[in-house]
Chemist: 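Before we start, here is the structure in question, set down as structure tokens.
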Amino acid sequence: MKILIVGIGGVGGFFGGKLAHKYQDNTDVEIFFLARGAHLNQIQKNGLRIKHLGEELICHPDKASDNPKDFGKVDLIIYCTKAYGVEAVAEQLVPNMHAGTRVLTLLNGVDSYEKLVDKYPDHNVINGCVYILSRIESPGVIENFGQKHQLFFGYDHSNISTLKPLEEIFQNAGITAKLTDSISEITWAKFIFISAVATSTSYYDIALGEILADQDKRAVLVQLIREVKEVGLKKEIIIAEDIEKDILNKLEKLPFETTSSMQRDFRQQKQTEVQSLTEYVILEGEKLNIATPTYKELYKSLITRTKE
């Protein structure tokens with residue numbers, strides 16, 4: 001099996017690196033990295049370093065390049081890019097696909113899966129999501145600074161047995177991977193979490209701990225959770241009744257100084273995922289006649305910053 005990891009950032013770097021490390025001497029599984037810039041240069045020269053809980057792995061993919069033509073036809077494409085880049089990259093990777101190529105999305109947001117299904121109507125697109133705290137520490141180095149690194153993937157109410165070999169490939173590489181036939185339930189649980197956190201931390205531009213400690217700011221975060229939850233329920237997604245309490249419990253356990261990826265992108269004046277993580281909730285709410293006043297208020301401020 002030839003597996004192409006697209007985007008070697010915090011997510012793609014960690015999971016792709018684990019795969020590369022496990023299968024670097026295995027002729028049955030080949031791992032390719034699509035990366036760019038200084039990060040790619042370091043990977044090509046010295047391999048990819050993964051730092052986790054005081055330990056390090058040096059990972060060497062079978063091939064790393066910024067040119068899709070270098071990989072030829074592949075059997076699985078795993079998307080780990082930013083959500084805003086998925087459509088452009090998807091077009092570039094069409095020549096890498098054969099009739100049986102599968103596509104797995106691990107992107108933030110819940111709209112990326114829909115976009116890839118539209119882009120690849122003749123291919124098997126697998127929905128997925130991850131729970132992980134990791135980042136590019138420096139070119140060629142991925143730091144996983146959280147306790148968890150979970151990967152969920154599968155379909156909704158469908159036969160998932162054909163994906164068992166892929167689950168085994170992940171698990172054999174030391175990845176905590178779980179195949180499921182209720183993937184939308186899992187992706188939406190994560191989306192509610194990440195959308196509310198990314199929107200609030202980006203808006204206030206302070207650490208998550210400061211938001212939780214401030215009564216008014218905490219109330220705004222809670223209202224975001226409630227609004228996106230209502231949108232999900234209207235879309236007939238199964239959502240736990242106590243998800244608000246569950247999310248707050250998880251947030252309380254995170255380091256006080258935690259920031260979100262979208263918040264850091266705003267600070268560095270980079271392109272952000274505000275459309276997928278914030279605007280999407282507003283647009284879906286309008287379609288479904290669900291009010292999202294808090295999202296609208298914060299989005300109005302955030303989108304102004306992107307135009308400055």
Side-chain angles (χ1 to χ4, degrees), residues 1-36 39-40 42-52 55-81 89-90 92-107 116 120 123-130 132 134 140-142 144 149-155 159-180 183:
M1 179 180 284
K2 296 182 178 181
I3 301 175
L4 172 58
I5 316 296
V6 182
I8 312 299
V11 172
F14 180 83
F15 292 108
K18 296 279 280 186
L19 289 169
H21 185 265
K22 172 63 178 180
Y23 297 108
Q24 60 189 17
D25 297 319
N26 189 315
T27 58
D28 293 327
V29 180
E30 295 182 75
I31 306 299
F32 304 146
F33 287 177
L34 181 62
R36 61 185 181 182
H39 195 45
L40 171 62
Q42 285 299 315
I43 294 171
Q44 290 173 328
K45 291 178 181 178
N46 305 308
L48 178 70
R49 291 171 57 202
I50 297 179
K51 300 170 64 175
H52 176 59
E55 297 182 355
E56 287 194 14
L57 287 179
I58 306 298
C59 313
H60 296 277
D62 290 277
K63 187 173 294 184
S65 175
D66 58 4
N67 187 349
K69 293 180 180 179
D70 291 336
F71 306 117
K73 302 293 184 182
V74 300
D75 304 301
L76 175 68
I77 300 174
I78 304 179
Y79 277 85
C80 304
T81 63
V89 176
Q92 297 174 20
L93 297 181
V94 171
N96 296 99
M97 305 178 76
H98 57 73
T101 299
R102 289 173 168 172
V103 176
L104 170 61
T105 172
L106 300 179
L107 279 67
L116 287 171
Y120 303 131
H123 291 274
N124 187 332
V125 180
I126 309 163
N127 203 357
C129 73
V130 298
I132 188 170
S134 60
V141 181
I142 299 294
N144 177 6
H149 42 88
Q150 299 174 307
L151 188 159
F152 298 89
F153 69 106
Y155 308 120
N159 182 9
I160 58 174
S161 61
T162 59
L163 299 180
K164 285 295 293 183
L166 180 56
E167 182 183 46
E168 293 175 3
I169 286 175
F170 287 143
Q171 292 178 349
N172 288 340
I175 294 171
T176 306
K178 182 174 178 57
L179 182 58
T180 175
I183 189 63

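This is a predicted model, so every value here is computed, not measured.
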Chemist: So, for Ile58 and Gln24, which heavy atoms are closest and what is the spacing to 0.1 Å?
Modeler: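 Heavy atoms only, the tightest pair is O-OE1, 4.3 Å.
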Chemist: Between Ile77 and Tyr79, what is the shortest heavy-atom contact and its length?
Modeler: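 That closest heavy-atom pairing would be CG2-CE1, 3.6 Å.
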Chemist: Taking side chain as C-beta onward, heavy atoms only, is Pro61 less than 4.5 Å from Leu48?
Modeler: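 They are not in contact (no side-chain heavy atoms under 4.5 Å apart), so the answer is no.
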Chemist: Between the side chains of Gln42 and Asn46, does any donor sit under 3.5 Å from an acceptor?
Modeler: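 The answer is yes; a qualifying pair exists.
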Chemist: Answer yes or no: is there a side-chain heavy-atom contact under 4.5 Å between Ile5 and Ile31?
Modeler: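 Yes, side chains in contact.
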Chemist: Determine, stepwise, if the pair Asp75 / His98 fulfils side chain to side chain contact (heavy atoms under 4.5 Å, CB included).
Modeler: CA-CA 8 Å; Asp75 304 301; His98 57 73; 2.8 Å; yes
Chemist: Once ring-ring contact (aromatic ring centres under 6.0 Å, His included) is applied, do any residues pair with His123, and if so which ones, sequence neighbours excluded?
Modeler: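 With sequence neighbours excluded, His123 shows a ring-ring contact (aromatic ring centres under 6.0 Å, His included) to no residue whatsoever.
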Chemist: Examine distances only and state if a side-chain atom of Asp62 and a backbone atom of Phe32 form a donor-acceptor pair shorter than 3.5 Å.
Modeler: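 Absent.
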Chemist: For a quick test of reading the model, state the closest non-hydrogen atom pair linking Cys80 to Gly7 and the distance between them.
Modeler: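 Minimum heavy-atom contact is CB-O, 3.5 Å.
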Chemist: So, using side chain to side chain donor-acceptor pair (under 3.5 Å) as the criterion, who are the partners of Asn144 when residues are at least two apart?
Modeler: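 Here the qualifying residues are His52.
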Chemist: Between CE of Met1 and CZ of Arg102, what distance do you get to the nearest 0.5 Å?
Modeler: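 The CZ atom of Arg102 is 7.0 Å from CE of Met1, to the nearest 0.5 Å.
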Chemist: Between Leu93 and Leu4, what is the shortest heavy-atom contact and its length?
Modeler: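 So the minimum-distance heavy-atom pair works out to CD2-CD2, 4.1 Å.
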Chemist: Going from CD1 on Ile43 to CD1 on Ile142, what distance comes out if it is rounded to the nearest 0.5 angstrom?
Modeler: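 Atom-to-atom, Ile43:CD1 and Ile142:CD1 are 7.0 Å apart.
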Chemist: Looking only at non-hydrogen atoms, find the nearest pair between Asn67 and Leu34 and report the distance.
Modeler: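 Of all heavy-atom pairs spanning Asn67 and Leu34, the closest is N-CD1, 4.1 Å.
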Chemist: Does any N or O in the side chain of Asp66 come within less than 3.5 Å of the main-chain N or O of Ala35, such that one atom is a donor and the other an acceptor?
Modeler: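 Checked: no pair found.
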Chemist: Tell me, please, which residues at least two apart from Gln150 pass side chain to side chain donor-acceptor pair (under 3.5 Å).
Modeler: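 So Gln150 forms no side chain to side chain donor-acceptor pair (under 3.5 Å) with any residue.
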Chemist: Got a second to check how far Ile183's CD1 is from Lys178's NZ, nearest 0.5 Å?
Modeler: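 Between Ile183 CD1 and Lys178 NZ, I get 10.5 Å after rounding to 0.5 Å.
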Chemist: Please round to the nearest 0.5 Å and tell me the distance separating atom SG of Cys59 and atom NZ of Lys22.
Modeler: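 Output value for this atom pair is 13.0 Å.
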Chemist: Pairing donors with acceptors under 3.5 angstrom, does anything connect the side chains of Ser161 and Asn159?
Modeler: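 Yes, side-chain donor-acceptor contact under 3.5 Å.
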Chemist: Begin with the C-alpha distance, continue with both residues' side-chain angles, and end with the deciding distance and a verdict on side chain to side chain contact (heavy atoms under 4.5 Å, CB included) for Thr101 and Lys73.
Modeler: CA-CA 8 Å; Thr101 299; Lys73 302 293 184 182; over 6 Å; no
Chemist: Out of curiosity, His21 NE2 to Leu57 CG, how far, rounded to the nearest 0.5 Å?
Modeler: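 Taking NE2 in His21 and CG in Leu57, the distance rounds to 4.5 Å.
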Chemist: Compare every heavy atom of Lys51 with every heavy atom of Val141, then report the nearest pair and how far apart it is.
Modeler: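 Distance-wise, the nearest heavy atoms are CG1-CD, 3.5 Å.
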Chemist: Tell me, please, which residues at least two apart from Phe14 pass ring-ring contact (aromatic ring centres under 6.0 Å, His included).
Modeler: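 Phe14: ring-ring contact (aromatic ring centres under 6.0 Å, His included) contacts with His149.
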Chemist: Can Phe153 and Leu166 be said to form a side chain to side chain contact (heavy atoms under 4.5 Å, CB included), step by step?
Modeler: CA-CA 10 Å; Phe153 69 106; Leu166 180 56; 3.9 Å; yes
Chemist: For Leu107, run the side-chain contact (heavy atoms from CB on, under 4.5 Å) check against Val6, Thr81, Val11 and tell me which one passes.
Modeler: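 Going through the options one by one, the only one that passes is Thr81.
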Chemist: Hey, does Phe170 have a side-chain heavy atom less than 4.5 Å from the side chain of Leu19?
Modeler: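 Yes, close enough: below the 4.5 Å cut-off.
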Chemist: Supply the atom-to-atom distance Cys129 SG to Leu106 CG, rounded to the nearest 0.5 angstrom.
Modeler: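 Those atoms lie 8.0 Å apart.
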Chemist: With sequence neighbours excluded, what pairs up with Phe15 under the ring-ring contact (aromatic ring centres under 6.0 Å, His included) test?
Modeler: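 Checked Phe15 against ring-ring contact (aromatic ring centres under 6.0 Å, His included); zero matches.
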Chemist: For Glu30, which residues count as a salt bridge (charged side-chain N to carboxylate O under 4.0 Å, His left out) partner, sequence neighbours excluded?
Modeler: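 For Glu30 there are no salt bridge (charged side-chain N to carboxylate O under 4.0 Å, His left out) partners, ignoring immediate neighbours.
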Chemist: Carefully, step by step, assess Val74 and Ile3 under the rule side chain to side chain contact (heavy atoms under 4.5 Å, CB included).
Modeler: CA-CA 6 Å; Val74 300; Ile3 301 175; over 6 Å; no
